[in-house]
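Working notes, structure below.
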Protein chains: 2
Amino acid sequence: MDAATNEAGVIGVLGGMGPLATVDFLRKLVEATPAMRDQEHVPVVVSSIPQVPDRTAAYRGEGESPLPALLASGQRLAAAGAGLVVMPCNTAHLWFDALQRALALPMLHIVDAALDELAALDDRPERVGLLATDATLSSGLYVNRTGAGVQWLLPTADEVARFVEPGIAAVKGGRSEAGRELLRAAAQGLERRGARALVLACTEIPLVLDRDSSELPLVDATAALARAAVRWALGRREAELQAA
Amino acid sequence: MDAATNEAGVIGVLGGMGPLATVDFLRKLVEATPAMRDQEHVPVVVSSIPQVPDRTAAYRGEGESPLPALLASGQRLAAAGAGLVVMPCNTAHLWFDALQRALALPMLHIVDAALDELAALDDRPERVGLLATDATLSSGLYVNRTGAGVQWLLPTADEVARFVEPGIAAVKGGRSEAGRELLRAAAQGLERRGARALVLACTEIPLVLDRDSSELPLVDATAALARAAVRWALGRREAELQAA
């Protein structure tokens, strides 16, 4: 087997949260891979089972836990031969530790991937705006995982209720333009209060906000996780070649 | 379990040929599904293993058969719980019958899906241009599966060599603009010779040609297969509900 036909290091994508965010993640995996032909791309298996109960509702105590459904979906990936599991859904990472223990497969954490790219920004910004679901914000998923030196700015409760949550729901419901307007309003609030970079920390957000939406440097957590997963797969391919 | 959380009818996508065409197919699955929230979307598992040997080279006798790799990839889907297998790669359908026998899972044929949509076009066109790989064209994959009443027009050997094959390779290599120009030239040749509709019968082609690329009605085989797969999944969900 040469490098091109090597299937070492199959990335498992625990997706469906939402389905379009999974598609966006898969496109970013392809874009993150240096390849001139099909066979040079990295092998991927995906479980996109959108029936996982709503993560934000569960965190608020208003709905059932997504953990059993996440585990069942992850077990589909294990059965399909995944050597790594990544979840293109920030809020689902509230159940990351429990899931990783139960699955017994290596996983990459989306917050680590995003924070690594934030740290690598040129002209490292002092104040960073965080756009994410109510559950991701209020659980401290990002802020508690951050080292010293980042000054976070979060949307206010009013902005979460009026812009962020309805914006994410609009994207999930296929109303992209409405979603874009709402999420742009949330981004503008952060910028007005002094944010000099934005972290897009819900996978629905980069579906409608991009470099053209804001003057500020953006860290797209979806793209950051995709790049980290590709590095893992290429590293496994390299290791396999050296062992051969 | 209500309709929204029902996981009956998991669509298995045998992908990676190429990886970006698989992403396009998955996006078209989402677009073909009437859904206002994540949980209403259909469950999907994907095996995107791009190491499948080149289909056109194999058909020409210039490379190894893709069948063992297709079967191994299909078995990942079976292990992950797929109830149906679809392949967003037209040329791979040269191995459809052998694969279906070996996998023992229901499969939908991309050519049947595309021909159904061609038959449903308003003002059914007399002459239809077929844009596809050398192997799909020369094997008669489409023309031999068509009933009476369709007058096919194919690219000439010169157009295949100068426009179609290099155009598809450019898309696979990430050079979309170059691919678009080449494939548009192939479409123009068909139109000049009298085509009044076009079937985009290689999954790389709709990545760069769309309604804006041609005056003619287009049948996108990728989208047709996605719609057929969603109908299957929604039918399974309905059957499950009635049985409950």
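Quick note on labels: first sequence line is chain A, next is B, and so on, each numbered from 1.
- The residue among A:Gly16, A:Pro19, A:Gly18, A:Ala79 with the most heavy atom pairs within less than 4.5 Å of chain B is A:Pro19.
- Both the backbone and the side chain of A:Asp54 have a heavy atom closer than 4.5 Å to some heavy atom of chain B.
- In terms of heavy-atom pairs under 4.5 Å with chain A, the best-connected choice from B:Arg27, B:Glu31, B:Gln75, B:Met17 is B:Arg27.
- For A:Val30, the part lying near chain B is the side chain, with the backbone staying farther off; criterion is any non-hydrogen pair under 4.5 Å.
- Proximity to chain B is absent for every atom of A:Val171, based on heavy atoms less than 4.5 angstrom apart.
- In this structure, B:Leu77 and B:Leu14 have side chains that are in contact, with non-hydrogen atoms separated by less than 4.5 Å.
- Just one of A:Leu209, A:Val199, A:Leu218 meets the side chain to side chain contact (heavy atoms under 4.5 Å, CB included) condition when paired with A:Leu131; it is A:Leu209.
- Ionic pairing of B:Arg101 and B:Asp97 is not present here: no N-O contact between side-chain nitrogen and carboxylate oxygen is shorter than 4.0 angstrom.
- For the 3.5 Å distance criterion, the side chains of A:Thr136 and A:Thr91 qualify, holding a donor opposite an acceptor.
- For the pairing with A:Leu70, the side chain to side chain contact (heavy atoms under 4.5 Å, CB included) check across A:Val52, A:Val85, A:Ile49 returns one residue only, A:Val52.
- Listed options B:Val45, B:Leu29, B:Leu26, B:Ile11 were ranked by heavy-atom pairs under 4.5 angstrom with chain A; first place goes to B:Val45.
- No hydrogens or angles considered: a donor-acceptor pair under 3.5 Å links the side chains of A:Tyr142 and A:Asn90.
- For chain B, the option among A:Val13, A:Leu20, A:Asp38, A:Thr22 with the highest count of heavy-atom pairs below 4.5 Å is A:Asp38.
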